[in-house]
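Here's the structure we're looking at; comments come further down.
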Amino acid sequence: KVMHEFLIDDRDKRFFKKVLSSRNDTIAEKFEIRLKNNEGKSVWCEANEIPYMNNSGKVVGHIGIYTDKSTIKQSEFELKESKDKLAEIIQSIDGIVYEANAETLNIDYISPQVEKILGYQTHECMNGNHFWKKVIHKDDLAWVFKICVEKIGIGEGHRLDYRMVTFDGRIVWIRDIASVIVKNGIPTKICGILVDITEQKIIQEAMEQMEERNRIFIDQSISYIIM
């Protein structure tokens with residue numbers, strides 16, 4: 001059989017034709033392509049086209065070595081599909097998902113929601129632990145770092161409420177929920193989510209103020225009654 005009989009469809013035939021037309025006859029070519037096996041099923045192959053020369057050094061043909069890569073390709077497809085699904089899930093979460101180095105606190109990953117909630121592009125957050133120092137409110141920074149470092153040291157996660165400053169200077173309340181990944185007894189990663197709880201805090205503070213006003217009113221009323 002000629003090579004074209006093993007190709008799956010016109011797309012693969014065009015690709016193979018392009019490879020042949022653009023290759024340097026004196027250099028081995030390596031590429032991936034789909035072929036039909038003897039059962040007519042599609043298989044992914046790694047192709048190695050090696051120039052074959054006669055005694056005078058002239059290229060008179062090519063030797064093709066094709067290795068079945070179907071299992072590896074299937075694993076790659078499944079991995080990509082899993083990553084795509086994970087990305088969809090992360091993007092649907094109403095919070096900032098992050099992963100950081102447990103030793104340096106440098107951010108290794110942060111989800112796109114950081115732009116919506118804090119106004120920063122993802123690449124602006126990947127500058128060591130300076131991001132944390134930039135966004136955590138100055139009055140909360142010291143105690144937040146102290147608790148986080150202590151918790152990381154014993155391999156425990158944390159759940160903290162504190163203030164952050166957005167790119168445009170607004171103050172937002174954040175609930176930081178994180179777990180620590182420990183390998184061979186050593187904390188290696190922090191995986192967490194930052195949730196905007198500003199609205200909850202505003203409602204909570206309003207209720208506390210109302211309760212305080214009611215308490216004062218009741219205390220004054222009792223005082224009048226006693227008098």
Side-chain angles (χ1 to χ4, degrees), residues 78-183 185-218:
E78 290 175 357
L79 179 60
K80 183 181 182 302
E81 190 176 56
S82 296
K83 286 182 176 180
D84 290 343
K85 287 181 179 178
L86 179 59
E88 288 179 7
I89 293 171
I90 289 175
Q91 290 176 15
S92 68
I93 294 174
D94 189 19
I96 304 167
V97 178
Y98 70 89
E99 182 180 282
N101 183 288
E103 181 179 0
T104 64
L105 300 183
N106 293 354
I107 294 177
D108 297 324
Y109 170 81
I110 195 161
S111 65
Q113 283 86 335
V114 70
E115 182 177 357
K116 174 186 174 184
I117 295 174
L118 296 177
Y120 288 92
Q121 300 286 332
T122 54
H123 69 270
E124 295 177 293
C125 310
M126 316 291 278
N127 60 344
N129 61 15
H130 301 296
F131 172 73
W132 299 113
K133 294 177 180 178
K134 181 192 299 183
V135 299
I136 297 178
H137 193 282
K138 63 180 181 179
D139 293 339
D140 296 336
L141 182 62
W143 71 262
V144 168
F145 260 67
K146 182 176 183 296
I147 292 177
C148 287
V149 170
E150 289 175 352
K151 290 286 188 179
I152 292 169
I154 58 176
E156 289 186 3
H158 62 257
R159 180 189 175 99
L160 303 172
D161 292 353
Y162 53 85
R163 292 163 294 177
M164 281 188 168
V165 182
T166 66
F167 181 79
D168 58 5
R170 292 178 299 106
I171 294 176
V172 293
W173 276 95
I174 293 292
R175 177 160 294 158
D176 181 1
I177 305 169
S179 59
V180 178
I181 307 299
V182 179
K183 291 185 179 180
I186 300 173
T188 58
K189 293 284 183 185
I190 310 164
C191 299
I193 180 170
L194 307 173
V195 181
D196 185 352
I197 59 168
T198 305
E199 187 174 340
Q200 295 177 37
K201 280 289 183 180
I202 292 173
I203 294 172
Q204 180 183 335
E205 289 176 1
M207 291 180 66
E208 289 174 353
Q209 290 174 6
M210 185 180 296
E211 289 174 358
E212 178 64 15
R213 286 196 297 269
N214 290 339
R215 186 189 64 78
I216 293 173
F217 176 76
I218 292 171

key: Derivation of the side-chain contact (heavy atoms from CB on, under 4.5 Å) call for Val135 and Val165   = CA-CA 5 Å; Val135 299; Val165 182; 5.8 Å; no
inquiry  = I'd like to know whether Leu118 forms a side-chain contact (heavy atoms from CB on, under 4.5 Å) with Val172, so could you lay out the CA-CA distance, the side-chain angles of the two residues, the decisive distance to 0.1 Å, and finally the verdict.
reply    = CA-CA 8 Å; Leu118 296 177; Val172 293; 3.9 Å; yes
key: Derivation of the side-chain contact (heavy atoms from CB on, under 4.5 Å) call for Phe167 and Lys134   = CA-CA 9 Å; Phe167 181 79; Lys134 181 192 299 183; over 6 Å; no
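Contact between Gly155 and Val182 at its shortest, heavy atoms only, is CA-CG2, 4.0 Å. In this structure, Gly95 and Ser111 approach most closely via the heavy-atom pair O-OG, 3.8 Å. Listed here is the closest heavy atom pair of Val114 and Phe131: CG2-CZ, 4.2 Å. Taking all atoms of both residues into account, the shortest heavy-atom contact from Ala178 to Ile190 is CB-CG2, 3.8 Å.
Judged as a salt bridge (charged side-chain N to carboxylate O under 4.0 Å, His left out), and not counting sequence neighbours, Arg159 has no contacts. Residues that satisfy the side chain to side chain donor-acceptor pair (under 3.5 Å) test with Thr166, not counting sequence neighbours, are Asp168. Evaluation of the side chain to side chain donor-acceptor pair (under 3.5 Å) rule for Asp140 yields Trp143, Arg163 as partners, not counting sequence neighbours. Contacts of Asp196 classified as side chain to side chain donor-acceptor pair (under 3.5 Å), with partners at least two apart in sequence or in another chain: Thr198. For Ile186, there are no side chain to side chain contact (heavy atoms under 4.5 Å, CB included) partners two or more places apart in sequence or in a different chain. Annotation: side chain to side chain donor-acceptor pair (under 3.5 Å) contacts of Tyr120 (sequence neighbours excluded): none. Glu115 pairs by the salt bridge (charged side-chain N to carboxylate O under 4.0 Å, His left out) definition with nothing, not counting sequence neighbours.
Side-chain contact between Ile181 and Cys191: present, with at least one pair of heavy atoms (C-beta onward) separated by less than 4.5 Å. Ile96 places a side-chain heavy atom less than 4.5 Å from the side chain of Ile117. In this structure, Asp139 and Leu141 have side chains that are not in contact, with every pair of non-hydrogen atoms separated by 4.5 Å or more. You'll find the side chain of Ile174 stays beyond 4.5 Å of the side chain of Val195, heavy atoms only. Counting heavy atoms from C-beta on, the side chains of Tyr109 and Lys189 never come closer than 4.5 Å.
Ile107 CD1 to Glu124 CD: the interatomic distance, rounded to the nearest 0.5 Å, is 11.5 Å. Rounding to the nearest 0.5 angstrom, the gap separating the CD atom in Glu99 from the CG atom in Asn106 is 12.0 Å. In this structure, the separation between CD1 on Ile171 and NZ on Lys201 is 13.5 Å, given to the nearest 0.5 Å.
With hydrogens and angles disregarded, no donor-acceptor distance shorter than 3.5 Å links the side chain of Trp173 to the backbone of Tyr162. With His158 contributing its side chain and Leu160 its backbone, the two residues share no donor-acceptor pair below 3.5 Å.
Asp176 and Tyr98 are linked by a side-chain donor-acceptor pair at a separation below 3.5 angstrom, with hydrogens and angles left out of the test.
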Acceptor/donor pairs from residues 144-154 side chains to any protein atom, 3.5 angstrom cut, sequence neighbours excluded:
from	atom 1	to	atom 2	distance (Å)
Lys146	NZ	Glu150	OE2	2.7
Lys151	NZ	Glu156	OE1	3.4

